[in-house]
Trainee: 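Pasting in a structure now, in structure tokens, and then I'll have a few things to ask.
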Amino acid sequence: MPIKAALTERSNGCCELCSSTNDLSIFEVPPVKEPNSDKSVLVCSTCSEQIAKTAEMDNNHWRCLNDSMWSQVPAVQVTAFRMLTRLSKAGEGWAQDLLDMMYMEDEQKAWADYGVAADEIEEVAPTRDSNGTVLVAGDNVTLIKDLEVKGANFTAKRGTPVRNISLTDNPEHIEGRVNGVRIVLLTTYLKKMPLFEDK
Ligand SMILES: [Zn+2]
């Protein structure tokens, strides 16, 4: 089943965070190697823009997490945890109260923490692509020019996608897998792929 159809069935056609039916799209909860419905949530445009930080955070909107944090879907729980952490850091005591009530299995907690750590790195020394867009761990990027991969003896063509990147200590470098080889890439040769894929 296509991801969007699976998510629509799982969510009854509502945003899995706030229940809105407006402008729903797929949000892949990083890190995602192979997109699938277990790693994705269906979100409305209000939620998606604030998750991606393209819109200012409306703290009160996220009161919806009071309900959705109890979802049985791990990807929804993980997203709720990450957003509650942001809200708690922004001084929302109720968000911390909800976090204190949340329970996740170890594997899921590690998944949630991954996003929290990415948020922290982003605040200190953001890694940006060639357009100045902030890159976070788990993002998908494409090459904007042909790159000779020294040592591996091949040329990675312009347009090649690199999924699920890792950040490094250097904001001008990321790591990713090209042709099955894990390499360091210069961020000036990369462009971030849209986070929300409407499939
Ligand atoms: Zn929503």
Trainee: For Ser166, give me all partners under side-chain hydrogen bond (donor to acceptor under 3.5 Å, both in side chains), at least two apart in sequence or on another chain.
Mentor: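 If we apply the side-chain hydrogen bond (donor to acceptor under 3.5 Å, both in side chains) test to Ser166, skipping adjacent residues, the hits are Arg182.
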Trainee: Does Asp100 have more than 12 heavy atoms from other residues, nucleotides or ligands lying within 6.0 Å of its CG?
Mentor: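 Yes, the 6.0 Å shell around CG holds more than 12 heavy atoms from other groups.
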Trainee: Let me confirm one number: the CD1-OG1 distance from Ile3 to Thr8, rounded to the nearest 0.5 Å.
Mentor: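 Here the rounded value is 11.5 Å.
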Trainee: Hey, could you give me each pair passing salt bridge (Lys or Arg N to Asp or Glu O under 4.0 Å) that has a residue in residues 107-118? Not counting sequence neighbours.
Mentor: Lys109-Asp113
Trainee: Donor-acceptor pair, distance only, cut-off 3.5 Å: does the side chain of Asn179 make one with the backbone of Val181?
Mentor: no
Trainee: Where is the tightest heavy-atom contact between Thr46 and His61, given as atom of each residue plus distance?
Mentor: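 Taking Thr46 first and His61 second, the nearest heavy atoms are CG2-CE1, 3.7 Å.
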Trainee: What pairs with Glu92 under side-chain hydrogen bond (donor to acceptor under 3.5 Å, both in side chains), at least two apart in sequence or on another chain?
Mentor: Asn59, Trp94
Trainee: Is there a chain of hydrophobic side chains (I, L, V, M, F, W, Y, each step under 4.5 Å between heavy atoms) that links Tyr103 to Val116?
Mentor: no
Trainee: Check whether any side-chain heavy atom of Leu190 lies under 4.5 Å from a side-chain heavy atom of Leu143, and answer yes or no.
Mentor: yes
Trainee: Quick one: list whatever passes side-chain hydrogen bond (donor to acceptor under 3.5 Å, both in side chains) with Ser88, sequence neighbours left out.
Mentor: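 Result, side-chain hydrogen bond (donor to acceptor under 3.5 Å, both in side chains) vs Ser88: Gln96.
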Trainee: Go through the steps for Lys192 and Asp129 under the test salt bridge (Lys or Arg N to Asp or Glu O under 4.0 Å), then give the verdict.
Mentor: CA-CA 7 Å; Lys192 178 166 167 157; Asp129 73 0; over 6 Å; no
Trainee: So, for Ser37 and Arg10, which heavy atoms are closest and what is the spacing to 0.1 Å?
Mentor: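 For Ser37 versus Arg10, the nearest heavy atoms are O-NH1, 3.0 Å.
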Trainee: Would you please test Ser25 and Val43 for side chain to side chain contact (heavy atoms under 4.5 Å, CB included) and show each step?
Mentor: CA-CA 6 Å; Ser25 62; Val43 288; 4.2 Å; yes
Trainee: Test side chain to side chain contact (heavy atoms under 4.5 Å, CB included) on Thr188 and Glu172; report intermediate values, then the result.
Mentor: CA-CA 7 Å; Thr188 47; Glu172 286 168 13; over 6 Å; no
Trainee: Hey, could you give me the CG/CD distance between Leu87 and Gln50, rounded to the nearest 0.5 Å?
Mentor: 9.0 Å
Trainee: For Tyr189, I'd like to know if atom OH has over 12 heavy atoms of other residues, nucleotides or ligands within 6.0 Å.
Mentor: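 Open: at most 12 neighbouring heavy atoms sit under 6.0 Å from OH of Tyr189.
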Trainee: Rounded to the nearest 0.5 Å, what's the gap from CD on Gln77 to CE on Met104? Could you check?
Mentor: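 Reported value, rounded in 0.5 Å steps: 7.0 Å.
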Trainee: Has the side chain of Trp111 got a donor or acceptor atom that lies under 3.5 Å from a matching backbone atom of Pro30?
Mentor: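 Judged by distance alone, yes, a pair lies under 3.5 Å.
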Trainee: Rounded at 0.5 Å granularity, tell me how far CZ in Arg158 sits from CG in Asp146.
Mentor: 8.0 Å
Trainee: I need the minimum non-hydrogen distance between Tyr114 and Gly138, along with the two atoms involved.
Mentor: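 In terms of heavy atoms, the two residues are closest at OH-N, 3.8 Å.
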Trainee: For the residue pair Cys47 and Leu17, what are the closest heavy atoms and their distance?
Mentor: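 Smallest interatomic distance, heavy atoms only, reads SG-CB, 4.0 Å.
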Trainee: Rounded to the nearest 0.5 Å, how far does OG1 of Thr142 lie from CZ of Arg163?
Mentor: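 Interatomic distance, Arg163 CZ to Thr142 OG1, rounded to 0.5 Å: 11.5 Å.
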Trainee: Check for a donor-acceptor pair, side chain of Thr168 on one end and backbone N or O of His173 on the other, with a separation under 3.5 Å.
Mentor: yes
Trainee: At what distance, to the nearest 0.5 angstrom, does CZ of Phe27 lie from CD1 of Ile51?
Mentor: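 It is 5.0 Å, given to the nearest 0.5 Å.
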Trainee: What about Phe154 and Leu147, same hydrophobic cluster or not, with Ile/Leu/Val/Met/Phe/Trp/Tyr joined at side-chain heavy-atom distances under 4.5 Å?
Mentor: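 Both belong to a single hydrophobic cluster.
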Trainee: Could you see if Trp70 belongs to whatever hydrophobic cluster contains Met83? Use Ile, Leu, Val, Met, Phe, Trp, Tyr and a side-chain cutoff under 4.5 Å.
Mentor: yes
Trainee: Less than 4.5 Å apart, any side-chain heavy atom of Gln108 and any of Val78?
Mentor: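 Sidechains of Val78 and Gln108: in contact.
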Trainee: List in chain and number order the residues that pass side-chain hydrogen bond (donor to acceptor under 3.5 Å, both in side chains) with Lys89, two or more places apart in sequence or in another chain; answer none if no residue qualifies.
Mentor: Glu120
Trainee: Can you find a pair of side-chain heavy atoms, one from Val41 and one from Leu7, that are under 4.5 Å apart?
Mentor: no
Trainee: Can you confirm whether more than 12 heavy atoms, excluding those of Lys53, are under 6.0 Å from its NZ atom?
Mentor: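 More than 12 heavy atoms, drawn from other residues, nucleotides or ligands, come within 6.0 Å of this atom.
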Trainee: Report, as yes or no, whether the 6.0 Å neighbourhood of atom CG on Asp169 holds more than 12 heavy atoms from other residues, nucleotides or ligands.
Mentor: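 For Asp169, atom CG is not crowded (no more than 12 foreign heavy atoms under 6.0 Å).
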Trainee: What's the shortest heavy-atom distance between Glu16 and Ser40, and which atoms?
Mentor: OE1-O, 4.4 Å
Trainee: I need the single residue from Ile165, Leu185, Val184 that forms a side-chain contact (heavy atoms from CB on, under 4.5 Å) with Glu175. Which is it?
Mentor: Val184
Trainee: Evaluate the criterion side chain to side chain contact (heavy atoms under 4.5 Å, CB included) for residue pair Thr21 and Cys44; output intermediate values, then yes/no.
Mentor: CA-CA 7 Å; Thr21 51; Cys44 70; over 6 Å; no
Trainee: Are Val162 and Val136 joined in one hydrophobic group, where the rule is that I, L, V, M, F, W and Y side chains link up if heavy atoms are under 4.5 Å apart?
Mentor: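 No; tracing contacts between hydrophobic side chains, which count when under 4.5 Å, never links both residues.
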Trainee: Looking at Thr133, is its backbone amide N or carbonyl O close enough to the side chain of Asn131 to form a donor-acceptor pair, meaning the two atoms are under 3.5 Å apart?
Mentor: no
Trainee: Give me each pair satisfying salt bridge (Lys or Arg N to Asp or Glu O under 4.0 Å) with a member in residues 65-85, each pair once, sequence neighbours excluded.
Mentor: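 Passing the test, one end in residues 65-85: no pairs.
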Trainee: Given the rule that I, L, V, M, F, W and Y join up when any side-chain heavy atoms are under 4.5 Å apart, are Leu99 and Met57 in one cluster?
Mentor: yes
Trainee: Write down the atom of Glu9, the atom of Met1, and the distance for their closest heavy-atom approach.
Mentor: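 That closest heavy-atom pairing would be OE1-CE, 3.9 Å.
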